[in-house]
Amino acid sequence: MNKNITVLSGDGIGPEIVAEAIKVMDRVCEKYGHTFHYTYVDIGGCSIDKYGVPITEEGMAKCKASDSVLLGAVGGPKWDSCPPNIRPEKALLAVRKELGLFANLRPTKLFPQLADSSPLKKEIVGGGIDLLIVRELTGGVYFGPKKTEEVNGELVATDIMPYSEHEIERIGRVAFETAMKRGKRLASVDKANVLDTSRLWRKTMHRLAEEYPEVTCTDILVDNTAMQLIKNPTQFDVLVTENMFGDILSDEASMLTGSIGMMPSASLSEGTLGMYEPIHGSAPDIAGMNIANPLGTILSAAMMLRYSFDMAAEADAIENAVNLVLDAGYRTGDIMQEGCTKVTCSDMGDLVTERI
Ligand code: NAD
């Protein structure tokens with residue numbers, strides 16, 4: 001298969017970690033007979049330095065015209081004083097909007113070899129965690145009408161949380177399809193005992209569930225979900241929820257692993273175009289030192305193959321290779337454990353590549 005990938009390396013450790021993911025994807029091409037064409041586009045601080053904007057119109061057009069987008073990270077202290085409209089993060093919001101990325105997939109995977117990094121007790125997470133949160137990204141209270149006004153001599157603020165049936169249905173479909181590619185268990189998270197938007201959410205999910213008889217779909221209230229993620233995270237396979245609940249729950253879930261450098265993510269549009277990126281930032285404190293953990297970006301590349309290119313075997317090959325490298329005791333500094341071998345960012349990329 002031929003695929004065009006736009007590569008947004010960005011700032012800080014971005015170029016270092018993205019280079020390792022490309023190394024791994026090139027090996028996948030070699031082994032499985034694919035050709036990936038990479039188009040590099042500046043984004044964030046490096047684009048501000050060159051062009052005065054965090055992403056150029058030309059760069060954006062390249063993202064839109066490609067089959068998928070791989071992102072490192074943007075930002076750093078150098079650009080903290082830029083005016084709000086040209087800050088590095090503006091480019092991320094612009095890409096999400098232009099590409100119509102409405103579904104955010106955040107896996108929380110704790111490899112059993114790294115169970116010690118989790119803040120949870122070993123009896124809870126000793127066998128590892130493997131869950132995935134599907135978050136609606138463009139609707140709900142973050143985008144609804146909002147106002148602050150004076151009423152009876154005091155300020156009153158209001159944020160409205162609108163959700164239409166078609167918005168719920170399209171994120172629901174992504175969740176059911178994702179569950180079909182994983183353990184076929186879906187938890188639909190809402191607050192249907194209080195919110196009308198949640199009651200519509202629940203009704204729509206129940207209607208969709210009839211189309212996916214292979215998926216076991218259960219409803220769970222968001223407050224209970226927050227507790228269950230700590231008490232018994234291994235009970236979950238895929239969770240689906242609206243924007244604000246997903247924002248909070250996905251950050252809670254990411255802390256269960258205790259290793260920010262390992263975590264990938266995907267943002268998907270209605271078609272197959274998606275943007276794939278590690279959840280961490282540009283880590284300016286370690287940039288240019290070749291010590292960053294590239295596994296979050298490498299696992300993001302695996303998600304690209306699985307969700308945008310429908311290459312399940314190739315994605316499995318990358319994830320298995322990461323598992324084997326951890327089994328063999330290789331660690332970057334952020335996940336270093338006693339008795340393991342400390343390796344650099346580029347060593348880690350090589351070690352994964354060799355195992356594909
Ligand atoms: P950060 O995630 O960059 O770093 C937090 C800590 O984790 C740092 O100590 C860093 O060294 C470490 N870390 C992060 N990724 C690592 C990796 N792969 N390997 C080893 N260690 C790693 O968060 P921050 O320091 O709050 O933000 C730094 C910059 O990144 C800021 O400018 C922020 O705006 C930006 N940021 C960008 C994104 C993005 O591009 N999506 C996301 C978050 C933050």
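Each residue takes its place number in the sequence, starting with 1.
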Using side-chain heavy atoms (C-beta onward) and a distance below 4.5 Å, is [X] in contact with [Y]?
X	Y	value
D116	K122	yes
V141	N243	no
C63	L8	yes
L326	I335	yes
I43	V95	yes
R27	V24	no
E242	V222	no

[X] side chain vs [Y] backbone, donor-acceptor pair below 3.5 Å:
X	Y	result
D237	K184	yes
E154	V156	no
S68	G274	yes
N290	S346	yes
D67	N4	yes
E136	T138	yes
K62	Y40	no

What's the shortest heavy-atom distance between [X] and [Y], and which atoms?
X	Y	answer
A91	G44	CB-N, 4.4 Å
H280	N293	NE2-O, 4.4 Å
T6	S66	OG1-OG, 2.9 Å
C46	G10	SG-O, 3.9 Å
I230	P233	O-CD, 3.9 Å
T332	P294	CG2-CD, 4.1 Å

Could you grab the distance from atom [atom1] of [X] to atom [atom2] of [Y], nearest 0.5 Å is fine?
X	Y	atom1	atom2	result
L221	F245	CG	CZ	9.0 Å
E165	T204	CD	OG1	4.5 Å
E57	I55	CD	CD1	10.5 Å
M303	L105	CE	CG	5.0 Å
Y142	M244	OH	CE	6.0 Å
T35	K3	OG1	NZ	11.5 Å

Quick one: do [X] and [Y] end up in the same hydrophobic cluster if we chain Ile, Leu, Val, Met, Phe, Trp and Tyr together by side-chain heavy atoms under 4.5 Å apart?
X	Y	value
I298	Y307	yes
I129	I279	no
V28	L299	yes
I133	L120	yes
V7	V352	yes

Could you tabulate the donor-acceptor pairs under 3.5 Å formed by side-chain atoms of residues 248-267, not counting sequence neighbours?
{"residue": "S250", "atom": "OG", "partner": "G246", "partner atom": "O", "Å": "2.7"}
{"residue": "S250", "atom": "OG", "partner": "D247", "partner atom": "O", "Å": "3.3"}
{"residue": "D251", "atom": "OD1", "partner": "R106", "partner atom": "NH2", "Å": "3.1"}
{"residue": "S254", "atom": "OG", "partner": "D251", "partner atom": "O", "Å": "2.9"}
{"residue": "T257", "atom": "OG1", "partner": "S254", "partner atom": "O", "Å": "3.2"}
{"residue": "T257", "atom": "OG1", "partner": "S259", "partner atom": "N", "Å": "3.2"}
{"residue": "S265", "atom": "OG", "partner": "E277", "partner atom": "O", "Å": "2.9"}
{"residue": "S267", "atom": "OG", "partner": "N104", "partner atom": "ND2", "Å": "3.3"}

Using a 6.0 Å cut-off, check whether atom CD of E149 has over 12 heavy atoms from anything other than its own residue.
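Yes, the 6.0 Å shell around CD holds more than 12 heavy atoms from other groups.
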When you look at NZ of K90, are more than 12 heavy atoms from neighbouring residues, nucleotides or ligands closer to it than 6.0 Å?
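Open.
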Does V240 form a side-chain contact (heavy atoms from CB on, under 4.5 Å) with W201? I'd like the steps, not just the answer.
CA-CA 10 Å; V240 60; W201 181 278; 3.9 Å; yes
Output every pair passing side-chain hydrogen bond (donor to acceptor under 3.5 Å, both in side chains) with a member in residues 8-25, not counting sequence neighbours, ordered by first then second residue.
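Those involving residues 8-25 are E20-K23, K23-D350.
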Are [X] and [Y] within salt-bridge range, i.e. N to O under 4.0 Å?
X	Y	value
R306	E319	yes
E177	K181	no
D223	K191	yes

Once ring-ring contact (aromatic ring centres under 6.0 Å, His included) is applied, do any residues pair with [X], and if so which ones, sequence neighbours excluded?
X	answer
F111	none
Y163	none
F36	F309

Show me, pair by pair, the donor-acceptor contacts under 3.5 angstrom made by side chains of residues 69-80, not counting sequence neighbours?
{"residue": "K78", "atom": "NZ", "partner": "D49", "partner atom": "OD2", "Å": "2.6"}
{"residue": "W79", "atom": "NE1", "partner": "G45", "partner atom": "O", "Å": "3.3"}
{"residue": "W79", "atom": "NE1", "partner": "D49", "partner atom": "OD1", "Å": "3.0"}

Test side-chain contact (heavy atoms from CB on, under 4.5 Å) on V189 and F236 and set out the steps.
CA-CA 12 Å; V189 180; F236 293 115; over 6 Å; no
Please say which of K203, E210, R202 ends up in a side chain to side chain contact (heavy atoms under 4.5 Å, CB included) with H206.
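So, applying the side chain to side chain contact (heavy atoms under 4.5 Å, CB included) to H206 and each of K203, E210, R202, only R202 qualifies.
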Among R331, M336, Q337, find the residue that satisfies the side chain to side chain contact (heavy atoms under 4.5 Å, CB included) test when tested with K342.
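Option passing the side chain to side chain contact (heavy atoms under 4.5 Å, CB included) with K342: M336.
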The test is side-chain contact (heavy atoms from CB on, under 4.5 Å); show your working for Q113 and N323 and say whether it passes.
CA-CA 9 Å; Q113 304 92 323; N323 215 355; 2.7 Å; yes
Intermediate values then yes/no, side chain to side chain donor-acceptor pair (under 3.5 Å), N232 and T234
CA-CA 6 Å; N232 180 14; T234 57; 3.1 Å; yes
